[in-house]
Asker: 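Structure provided below as structure tokens; questions to follow.
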Amino acid sequence: MPNIKSSKKRVLVAKSKTAQNRAAKSALKTTLKKFDAAVADGNRIEADSAYKVAVKAVDQAAAKGLIHKNNAAHKKSQLTVKLNAVEG
């Protein structure tokens with residue numbers, strides 16, 4: 001544990017930010033899994049709505065710096081490929 005007051009604060013801030021980032025990444029993964037489940041069911045209408053939510057979540061994660069912008073672009077591309085493969 002640091003002795004300097006500002007260093008002590010940085011430790012606390014880093015701990016809380018780490019928890020926030022972990023929760024946000026977990027929420028992103030959950031959203032992507034919901035989209036995958038909708039695609040697996042083959043329900044085009046449900047997949048469309050899940051796709052919109054997933055793309056928005058990926059964009060927000062990239063804007064917050066949780067994932068790199070190229071990673072976000074790759075994820076959105078793969079989501080689109082999966083959506084287009086659904087018959088409906």
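Being a predicted model, the structure only gives us computed values, none of them experimental.
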Asker: Would the distance check show the side chain of Thr30 and the main-chain N or O of Ser26 forming a donor-acceptor pair, the cut-off being under 3.5 Å?
Answerer: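 At least one qualifying donor-acceptor pair exists.
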
Asker: Let me have the donor-acceptor pairs involving side chains of residues 1-19, under 3.5 Å, with sequence neighbours excluded, atom names and distances please.
Answerer:
{"from": "Ser16", "atom 1": "OG", "to": "Val13", "atom 2": "O", "distance (Å)": "2.9"}
{"from": "Thr18", "atom 1": "OG1", "to": "Ala14", "atom 2": "O", "distance (Å)": "2.7"}

Asker: Which salt bridge (Lys or Arg N to Asp or Glu O under 4.0 Å) pairs, counting each pair once, include a residue from residues 54-81, with sequence neighbours left out?
Answerer: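 Salt bridge (Lys or Arg N to Asp or Glu O under 4.0 Å) check on residues 54-81 returns Asp59-Lys76.
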
Asker: Which atom names give the shortest non-hydrogen contact between Ala50 and Ala38, and what distance separates them?
Answerer: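 Scanning both residues completely, I find the closest heavy atoms to be CB-CB, 4.3 Å.
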
Asker: Do you know which two heavy atoms are closest between Leu79 and Phe35, and how far apart they sit?
Answerer: CD2-CD2, 3.2 Å

Asker: With respect to Leu66, which candidate in Asn21, Val58, Leu28, Asn71 satisfies the side-chain contact (heavy atoms from CB on, under 4.5 Å) definition?
Answerer: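 Between Leu66 and the candidates, side-chain contact (heavy atoms from CB on, under 4.5 Å) is satisfied uniquely by Asn21.
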
Asker: Name all residues meeting the salt bridge (Lys or Arg N to Asp or Glu O under 4.0 Å) criterion together with Asp36; count only those two or more places apart in sequence or in a different chain, and write none if there are none.
Answerer: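 Asp36 satisfies salt bridge (Lys or Arg N to Asp or Glu O under 4.0 Å) with Lys82 only.
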
Asker: Which pair of non-hydrogen atoms, one from Ala54 and one from Leu32, has the smallest distance, and what is that distance?
Answerer: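 In this case the closest contact between Ala54 and Leu32 is CB-CD2, 4.1 Å.
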
Asker: If I take atom OG from residue Ser49 and atom NZ from residue Lys34, how far apart are they, to the nearest 0.5 angstrom?
Answerer: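 Answer rounded to 0.5 Å: 11.0 Å.
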
Asker: Could you tell me which residues satisfy side-chain contact (heavy atoms from CB on, under 4.5 Å) with Lys52, sequence neighbours excluded, listed by chain and number?
Answerer: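 Counting only residues at least two positions away or on another chain, Lys52 forms no side-chain contact (heavy atoms from CB on, under 4.5 Å).
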
Asker: Please examine the side chains of Tyr51 and Val39, heavy atoms only from C-beta on, and report whether any two atoms are closer than 4.5 Å.
Answerer: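 A side-chain contact under 4.5 Å is absent here.
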
Asker: Applying salt bridge (Lys or Arg N to Asp or Glu O under 4.0 Å), can you list everything that pairs with Lys33, at least two apart in sequence or on another chain?
Answerer: none

Asker: List in chain and number order the residues that pass side chain to side chain donor-acceptor pair (under 3.5 Å) with Asn43, two or more places apart in sequence or in another chain; answer none if no residue qualifies.
Answerer: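 Side chain to side chain donor-acceptor pair (under 3.5 Å) check on Asn43 returns Glu46.
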
